[in-house]
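Chain A is the first sequence line, chain B the second, and so forth, proteins listed ahead of strands; every chain is numbered from 1.
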Amino acid sequence: MASNAQNPSGEPVRSILIVGGGTAGWMTAGVLARCLPAQLYRIGLVETAERRGGLAALDAGEATLPPITAVNQLFGLDDAALLRGADATYSLGSSVTGFARPGTSYFRTFGRFGANIQGVAFHNLLERMRRKGMTASLEDYSIAAVAARLGRFAPPAAGDDPLLTAYDHGWHWDAADYRALLRAAAQHAGVARVAGEVADVALRGADGFVEAVVLADGRRLEADLFIDCTPEARLIEGALGSGWEDWRHLLPCDRAVAARCDRAGDPPPYWQAEAQAAGWRWRIPLGESDGCGLVYASGFCSDDEAEAALRASLGSGAGTLQRARFASGRRRNMWIRNCVAIGDAACVLDPLEPTALQIVQDGIGTLLNLMPRKACDAGETDEFNRLMGETVERMRDFLILRYKANARAEPFWAERRAAAVPDLLEHKMRVFEASGRVLEWDEETFFEADWVAVYFGQEMRPRHYDAFADTIDAKLLRERMAEMRRSILAAAESLPTHRAFIEAQLRG
Amino acid sequence: MADKALKRILIVGGGTAGWMSAAALSKKLGKDNVSIRLVESSEIGIVGVGEATVPHIRFFNQTLGLDETDFMRKTQATIKLGIKFANWGRLGDAYIHPFGEFGRSTGDVDFHHYWLKTRQLGNPREIFDYSLPCVAAERGKFMLPRFDQSILATYGYAYHFDTNLYGPYLRGYAEARGVRRTEGKVVDVALNGETGFVESVTMESGEVIKADLFIDCSGFRGLIIEQKLHAGYHDWSNYLPANRAVACSTEWVGAPQPYTSATALEAGWQWRIPLQHRDGNGYVYSSEFLSDDEAADRFLKNLPGKPISTPIFLRFTGGIRKKTWIKNCVSVGLAGGFIEPLESSSIYLTQQAITALIENFPNKDFEAANIDEVNRVMDLEYERVRDFVTLHYHATERDDTPLWNYVRNMPIPETLAYKLRLWRERGHVVKYKDGMFLPPSWHAVFIGQRIVPKSYDPRADFRPVEEVHRMMEDIRLSVDRAADSMPTHQSFLNGSGSMIPAGAA
C-alpha cells in the first residue's frame, strides 16, 4: 500500500474515534468500519453511559425516511431482523391531521402523484380539472397514499409502470432496539468499544487540533480524526466552541412528553401527526405497542398542561411519561480542524419529519466523500460545512411550511402564520402560489412530490396552474386521469394488509 | 383560467434566438391556443460564421421532433466531440475538453483520483489517454454513442453548424406550426403609460403590432429590454477581457475534425469550426491589448485555408442584463447577455432562457414570482458559464504578453476561487444541480491547464496498487481499441446521409 509519511499527498488518517454511544455514534462507527478497510483504519467508539435529554433519549417509537434502507443493508439488517429485533413495522409516511385547520387530514407518504402528461406535472393537471369541478383528491393518484388509507403494504413490485411503482418506504421501530442492533453489527464489523465518561478533551498546543479524549478513569484516547456524536456536543462545542444557531424563532417547539401505549387492532403502515393547541402529537405504530408523544412550545403551553393533554389522549393503556427538552437549530461549524459533528451534535430539528437519522446518515456520507488526510487542510471542512449546512436548512424549510400555512385559531398557530420564513422558502412558496411550480434547490432531502403533498394538504392553492395544462385536450385528460385512479386503486387493493405482509416476512 | 391565457406573442428579431424561440413555443403551445408572430429585418445581419454547440442542443432538437440527418444536411453540420485548447496553460500545450467522461465508472472513487494516485507513482500517461471522446477526436473518428455499460457509452456529442442555415431551418418548422413572420424594421416600441408594460411595436411600414408577451431577440442592442425598459447590464469585462472578434470563412482544406479548435494567441484566441464544406474562423481578442488592424493582420495570416468571405468585426461586452425579464418582455439570446464563445455557450444560454420561460410560462397576470424565478435562474446560468470561461484565462502560466499577465493575476469571482481551492487541494469538484458544466468538464480544464491537485481522495488507496494499475491499463486499452474501431468522422457523415454531396451545396 502506498501509505506512509512520504506520501506526497500528505499523511492519511489511520485512526478515527467516535465519541457518544447513541444511534448516531454506532451508525457512524459501523458505516465507517464497513466502508474503510480494516487494515488501513482503526475505528474506536467511546460509549458514554449518561444520556442527557434530547428527543433521542425518548422511548416512544422512532420513524425513518426511506434512505435508511442503505444503512440497514450495509449492516446486514434485513426485514426479518428489524421486525424481530426492533419491534419494527413498515412506514409509508405519515398522516397529518389538523395542521391546515381543525378537521383536515392528509397523507404525507413517500410516493409520487399520478403521471405527467406532455411534460406537465400531474398536480397542475389535477388543479386544472378541480377548477372544472372534478372532486377527486390528490391522494387518489398516489398508490402509497391509497395503500396507507386501506392499511395495506408491500414494497414496490418490479415493473415499469411508474404510476404503480414510484413509491418507497421507511420504518417505525423501537429506538433502543435499533441502536442495539447497530451496536452489535458495528462491533462485529471491527469497531473497538471503550466504555467510559469523557472528563476532558485535550487540544494540541500548536494548532488546536484535538489530540485526545481523556476519560474519567484517566485513560487517554488519541486519534487522527474525532467524531462528536454526543448529544451535548462535548467536543465540537465544549472543546472547540463552534457556536449554535438557534432556530426556535422558526420552529418554536422545544419540549416533548411521551409514553408507550397499548394499541387495539393492527398497526397502520404510517405514523400519525396531529396538530394540538401549541404543538402536535405523534403516534408511531410498533409491532407490539404504539409510541406516543406530544411536542409543544414551552412559551405557549406549560409542562403540566402538556402532560394532562397527553394523558387524556392516551387513556388507560399508557405507560410511564417521559420528558425531553430540545431546541431546533444547527451548529455553526459542524467540522472544525480534526473534529466532525454528526447527528444531534450537528443539528436538531422538530421531529415533524423523521429527519434525525437522515441527518446522521447524510453526515456520514458527506464525511466519506470528503475523507480527509491528517492535516484536514484541503478544504474539506468548508465543503462539509457548506453541504451539511444547506442540507439541514432545506429540511428545516420543509418543516416550517406546515407551521406557516395554517388557518388555526390558537395563539401558537396564529403566531406561526404571521412569522417570517427564510428567504429561500419564501421564494419557493411564492412561485408555487403563483403558478403551481415546485422549485428544488441544491441539497434537498424533500423533492417535488413531498412538497406537493404538503402544499395541497395545507390547502395552499396556486393562483394559476402551469399554462401548458390548458393545451391538453380536456376529454383526453379526464379519461387518462380516471384510468390512473382506477389502476392505482386496483393495485392498492391487491396488496396484502400491513399485518399480513409483516407476518409473511417473519415466517420467512 | 383560460381567459387569462396569453393570446398574442411577438418575437422581435429572427436570428438563431428568435427562430429557436418561435420553434419551441409553436411546438409547445400549438396553433389553436395562441398567435405567435416574429418580426425580422433581412437588412440586419446575424452573427454567422459557423457555430459550435454543446450536447444540450440535441435535446432541444429532439423536443421539436427534428430528424437528425435532415437537420445535419440542411445546416452543413459536422460532429463535435469537444474543444481542443492549444497554448492555454503554456505555449505548446494542447488538450481536449471532451463531451464525456474520463475513464469509466469504477464503482467507488471518481476515476481522476486513481489517475492522480498513479501519476504520483510515476504513471506518465495523460488523463486524456483514458477518455474515449478525447482519443476519438484526436484520431478524427466518430460513431454514435451507445446506451449500455460499455466504453461506447462514455461520451456525448454536439454539432458544428452554419447559423445562417439553422435559423431558416427552424423558420420552416415554426411557420408550418402557425408562426407568422413579418419582414421589416421596428421603428418604435410603445409602453402603457400606467403599467409600463409593452403594448406594441411599430414597424417601418407603419404597421402597429400589439401583443401580450414580447420576446426580445434583437441581439446585443436589446431593442426593448434595454433601449425601452432600461434593464441595465452587469459588465463582466474584469473577468472576461475579450471584447472584439474578427471572423471569416475559409475553403475546405480536408476532412473536418470532429472538434472545435481554440488556440490561444497574444491577446485572445482563435477558433476554427469545421463545417461540411468549409471552416468558420475567428479571432476573439481584447481591444485593451490589441488594435483591430493588428488583430485582422494576425488573424488572416493564421487562417487554415483561403478566405471565402470578407472578414467581419464584432464588438461585445461580456455580461448579463440586470434583469432577463421585465414586465411583459423576456430577453433571449444576445439581448439577454453574452459570454464570449470560448465554451460554445451562446446557443446553450439561448436554449436555457427559452426553457426557463416555458417552465415559468406567464398568463396575463404576469406573476412577479415567476418573473423573479426566471431572472434568478438565468443569473445563475450566466454566472456559472462566466466562472468556467474565466478559469481558462486565469489558469495559465503564460507571461509572454500583457493580456496573459493580466488574466493570470486578475481577481476572480469568489465562487470560482472556492472551486479552485477544493480542486487544488484535493481534486474535489464542487457540484451544483443547475448549470452547464458537469465535473468532467472541470477536470479537463483544470488538468489540461496544469492545475494538478496536491492530493487525491484517500479512498483511492483502498485497492491494492497493482490492481489500480491494471484497472487503469484496461481502461486505456479499451479506449484505444474502441477509438480504433470507429469509422472516421468523414465516413460517418457520408454513411449516415448527413452530408450534402460535394458540389450540391
Side-chain angles (χ1 to χ4, degrees), chain A residues 1-3 7-14 35-37 39-41 118-119 121 127-128 131-132 368-375 377-380 382-383 386-387 426-435 437 439-444 462-474, chain B residues 1-2 4-6 28-30 32-34 63 108-110 116-121 358-373 376-377 418-428 430-435 453-465 468:
Chain A
M1 298 279 142
S3 53
N7 191 325
S9 288
E11 268 191 87
V13 164
R14 285 298 168 249
C35 295
L36 304 176
Q39 69 273 26
L40 296 180
Y41 290 84
Q118 291 174 26
E127 192 56 32
R128 174 184 165 195
R131 290 174 196 213
K132 291 198 182 304
L368 277 169
N369 283 330
L370 292 166
M371 189 46 73
R373 292 170 196 278
K374 268 191 190 174
D377 63 350
E380 51 278 303
D382 286 350
E383 184 66 348
R386 183 185 74 84
L387 288 169
E426 191 182 345
H427 181 63
K428 200 168 190 167
M429 289 172 67
R430 280 178 68 223
V431 170
F432 179 80
E433 287 174 310
S435 62
R437 182 154 183 252
L439 299 187
E440 287 171 5
W441 308 110
D442 289 341
E443 314 314 326
E444 293 275 15
R463 285 189 295 277
H464 306 286
Y465 49 82
D466 184 339
F468 296 101
D470 281 332
T471 64
I472 299 164
D473 178 66
Chain B
M1 184 160 137
K4 293 212 167 165
L6 302 184
K28 192 81 180 141
L29 286 162
D32 301 335
N33 297 300
V34 63
T63 305
D108 44 39
V109 187
D110 284 349
L116 289 167
K117 175 190 168 80
T118 59
R119 189 175 184 275
Q120 288 189 355
L121 298 172
I358 285 173
E359 285 181 343
N360 294 279
F361 203 72
N363 53 47
K364 285 178 182 166
D365 284 352
F366 284 93
E367 292 278 356
N370 288 105
I371 295 174
D372 291 349
E373 173 58 12
R376 183 191 73 81
V377 163
Y418 183 70
K419 274 191 117 103
L420 252 169
R421 179 175 153 232
L422 266 293
W423 173 264
R424 218 187 278 273
E425 299 296 334
R426 56 173 291 142
H428 177 81
V430 176
K431 297 189 182 77
Y432 43 63
K433 186 168 74 67
D434 300 307
K454 289 183 200 155
S455 69
Y456 53 85
D457 190 322
R459 291 175 298 174
D461 287 337
F462 292 1
R463 294 202 209 183
V465 69
V468 171

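- Looking at B:Leu116, neither its backbone nor its side chain comes within 4.5 Å of chain A, counting heavy atoms on both sides.
- For B:Arg424, no part lies under 4.5 angstrom from a heavy atom of chain A.
- A cation-pi arrangement is present between A:Arg373 and B:Tyr456 under the rule of less than 6.0 angstrom and at most 45 degrees off the ring axis.
- Contacts with chain B were tallied for A:Glu383, A:Glu380, A:Met371; A:Glu383 has the most, counting heavy-atom pairs under 4.5 Å.
- When each of B:Asp372, B:Val34, B:Asp108 is scored by its heavy-atom pairs under 4.5 Å with chain A, the top score falls to B:Asp372.
- For a residue to count as touching a neighbouring chain, one of its non-hydrogen atoms must lie under 4.5 Å from one of that chain's; by this rule B:Lys454 touches chain A with the backbone only.
- Side-chain contact, B:Asn370 with A:Arg430: no donor N or O sits under 3.5 Å from an acceptor N or O.
- No part of A:Glu433 comes within reach of chain B, as not one of its non-hydrogen atoms sits under 4.5 angstrom from that chain.
- Of the listed residues (A:Leu387, A:Leu36, A:Val431, A:Leu370), the one with the most heavy-atom contacts under 4.5 Å to chain B is A:Leu370.
- Checked for salt-bridge contact, A:Asp382 and B:Arg421 meet the test: a charged N lies under 4.0 Å from a carboxylate O.
- Heavy atoms of A:Tyr41 lying under 4.5 Å from chain B belong exclusively to its side chain.
- Residue B:Gln120 touches chain A through its side chain alone, counting heavy-atom pairs closer than 4.5 Å.
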(request) In sequence, state the C-alpha distance, the side-chain angles, and the governing distance for A:Asp466 and B:Glu359, and then conclude on side-chain contact (heavy atoms from CB on, under 4.5 Å). (result) CA-CA 8 Å; A:Asp466 184 339; B:Glu359 285 181 343; over 6 Å; no

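- Ranked by non-hydrogen atom pairs under 4.5 Å with chain A, the options B:Asn33, B:Asp457, B:Asn360, B:Asp434 are led by B:Asn360.
- At a 4.5 Å heavy-atom cutoff, the contact between A:Arg386 and chain B is made by side-chain atoms alone.
- Using a 4.5 Å cut-off between heavy atoms, B:Val109 does not touch chain A at all.
- Side chain to side chain, B:Asp365 and A:His464 meet the donor-acceptor criterion of an N or O pair below 3.5 Å.
- Annotation: maximal heavy-atom pairing with chain A below 4.5 Å, among B:Ile358, B:Asp32, B:Asp110, occurs at B:Ile358.
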